[in-house]
Amino acid sequence: MSHKRAKAAVIDALLSQGGFGSRPARPVPPQEITFSQSEEIAEHHDEVKRRLIAGNQNSKKNLTPVAGERQDIGIIQIIHRNVPVIDTLDVLLELDLSHHHRVFIPTHLLTIWPLHDRQLAGIPDVTDIMESLRTEGQEEPCKVRLNRNTKTVEIVAGFRRFQAISNINNMYLLADLYDDHQLNDKNAWIEMTRENNLDRKKPIPIFAQVESDRRALESGVFKNLSELSLAAGKAENWARQNRNLYEQLPEELRPFISIESLSSLSASMYRKLGRIFNINNEIKTQRIQKVIEQAEILFADKSKFPMNALERLFEVTANNRIRDFSTRYIRVRRDHNGNVNIALPSSVSEQQLKSIIRLLDEKIQSVINPEKK
């Protein structure tokens, strides 16, 4: 066995130890594996593959030959050459899925899981991974499940890889296939969410996460937002904080905003929206109406949210500069209702405070109502 083949088999064996549904195995530190050990692992790996293929071929319908024997499914890395290839739904329905199978499958047989959060954010930009998939192949498998009730195969994890490979001619998706009893809705949601939370470069937009959480609750996958947050591996109030952020955007404005524009909203931008609209109902209504009147201009660019334009429209930036009037002894700020608050040091005595208030009151009257002098 060549050194390259042995090394590839070792990598595949180590990778197969992690993830949902994997068989437990004793982890082997890579630095302790010698070349002779790697040959043994590779030979064991080959034997496991042969048994899997033989077991599948004993079913009513035989699988299409393994990937290494096909020239029409895109580039095949050496560690995936013994993975079976499935071409039809009938073959999938005949499989014994008491344990998961790693397979190559054409993308036209796949559908998106109805509770998937990535689809809520529109078609993702996958240009960053398409070239490597086309030239080097797919290293990490996606997770899919066979829904026997609807006779569909659903994408659970690996949504961006699925979208990228769908755009490449004659390339099949590498996937770990589960039965819907193994990967029920709760487990599927956990797999989907935890994978997405690891994707720092392409995180799920807050609005899509909030909508996904709402659907999960309505479908009975989770009892409440606290249970959902913990299942995602987050703090108990994580989902509730996301919902509170999204609610800073008035519901009346949402129909005017594109999905691409919503996707560009960060947590800090939602907080800025709170400073603009989280005020008394009369002013909030006036501001919402003003935005609706100018919506065609404000939301003309569908690719990003017009945060700066809204701040200029309501002079929020100018209001924030009020704090610059603070001095060594006095702190000045404006609250959400537009009132200016002045904070004095705690060392000021009651008599001093009384004098300061009298002086301020007289000064305010002379500035606001100069005719009453």
Side-chain angles (χ1 to χ4, degrees), residues 18-22 89 92-93 95-101 105 107 109-124 141-163 173 175-199 202-251 254-255 259 262-263 265 267 270:
F20 177 85
S22 298
L89 185 61
L92 282 172
L93 293 173
L95 287 178
D96 173 16
L97 289 180
S98 55
H99 59 277
H100 81 277
H101 291 293
I105 184 169
T107 55
L109 291 183
L110 300 169
T111 61
I112 301 170
W113 181 40
L115 294 182
H116 209 295
D117 51 13
R118 286 260 184 213
Q119 66 177 331
L120 300 172
I123 300 174
C142 299
K143 286 185 174 65
V144 302
R145 73 173 188 177
L146 178 62
N147 187 329
R148 294 191 182 274
N149 291 329
T150 60
K151 293 186 178 180
T152 56
V153 186
E154 301 168 334
I155 282 286
V156 172
F159 186 81
R160 295 183 68 243
R161 274 165 281 164
F162 161 69
Q163 288 290 340
L173 185 77
D176 284 341
L177 174 66
Y178 299 87
D179 188 86
D180 53 2
H181 295 295
Q182 283 182 304
L183 202 57
N184 59 30
D185 282 346
K186 187 171 185 178
N187 289 333
W189 193 93
I190 291 171
E191 285 293 306
M192 171 195 73
T193 303
R194 291 191 175 181
E195 181 191 60
N196 290 338
N197 288 333
L198 293 175
D199 192 347
K202 300 289 182 180
I204 296 295
I206 290 174
F207 86 93
Q209 185 67 65
V210 170
E211 177 62 17
S212 173
D213 296 348
R214 184 188 67 79
R215 293 185 182 189
L217 292 180
E218 287 185 351
S219 301
V221 179
F222 298 102
K223 296 178 181 178
N224 50 54
L225 289 176
S226 297
E227 182 186 4
L228 180 149
S229 299
L230 294 174
K234 298 288 187 178
E236 191 173 354
N237 63 343
W238 171 71
R240 193 169 287 105
Q241 286 179 341
N242 285 335
R243 187 184 63 184
N244 291 340
L245 283 173
Y246 183 53
E247 289 176 350
Q248 302 304 307
L249 176 63
E251 189 173 353
R254 295 172 193 173
I259 289 179
L262 277 174
S263 298
L265 276 170
Y270 278 109

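This one's a predicted model, so the numbers in the text were calculated from it and none came from an experiment. Reckoned from all heavy atoms, side chains included, excluding hydrogens, waters and symmetry mates.
How far CG of Leu146 is from OG1 of Thr152: 7.5 Å, rounded to the nearest 0.5 Å. In this structure, OH on Tyr178 lies 4.5 Å from NE2 on His100, to the nearest 0.5 angstrom. Taken to the nearest 0.5 Å, the NZ atom of Lys186 stands 14.0 Å off from the CG atom of Leu115. Remark: Lys223 NZ to Leu217 CG distance equals 12.5 Å, nearest 0.5 Å. Taking CZ from Arg243 and CG from Asp213, the interatomic distance works out to 9.5 Å, rounded to the nearest 0.5 Å. The CD1 atom of Ile105 sits 8.0 Å away from the CG atom of Leu89 when rounded to the nearest 0.5 Å.
Annotation for Glu251: atom CD does not count as buried by contact number, only 12 or fewer foreign heavy atoms lying within 6.0 Å.
The closest donor-acceptor contact from the side chain of Ser212 to the backbone of Ala208 lies at 3.5 Å or more, if one exists at all. Not one N or O on the side chain of Arg145 forms a donor-acceptor pair closer than 3.5 Å with the backbone of Val156. Of the possible donor and acceptor atoms, none in the side chain of Gln209 sits under 3.5 Å from a partner among the backbone N and O of Thr193. Panel note: side chain Arg161, backbone Pro141; a donor-acceptor pair is recorded below 3.5 Å.
With contacts defined as side-chain heavy-atom distances shorter than 4.5 Å, the pair Trp189/Leu228 qualifies. Considering only heavy atoms from C-beta on, Asn187 stays 4.5 Å or farther from Gln182 through its side chain. Here the side chains of Leu173 and Ile155 are in contact, with some heavy-atom distance below 4.5 Å. Leu262 places none of its side-chain heavy atoms less than 4.5 Å from the side chain of Pro205. Using a 4.5 Å cut-off on side-chain heavy atoms (C-beta onward), Gln241 and Ile206 make no contact.
When every heavy atom of Glu154 is checked against every heavy atom of Pro114, the shortest pair comes out as OE2-CD, 3.9 Å. The nearest pair of heavy atoms linking Ala239 to Leu225 is CB-CD2, 3.8 Å. Arg240 and Glu236 make their closest contact through NH1-O, 4.2 Å (heavy atoms, listed as atom of the first residue, atom of the second, distance).
Salt bridge absent: Arg215 and Asp117 never bring a charged side-chain N and a carboxylate O closer than 4.0 Å. Glu195 has no carboxylate O lying under 4.0 Å from a charged side-chain N of Arg118, or vice versa, which leaves the two without a salt bridge.
The aromatic rings of Phe159 and Phe162 sit tilted relative to each other, their planes meeting at an angle between 30° and 60°. Ring geometry for Tyr246 against Tyr270 counts as perpendicular: the plane angle is over 60°, on a 0 to 90° scale with 30° as the lower cut.
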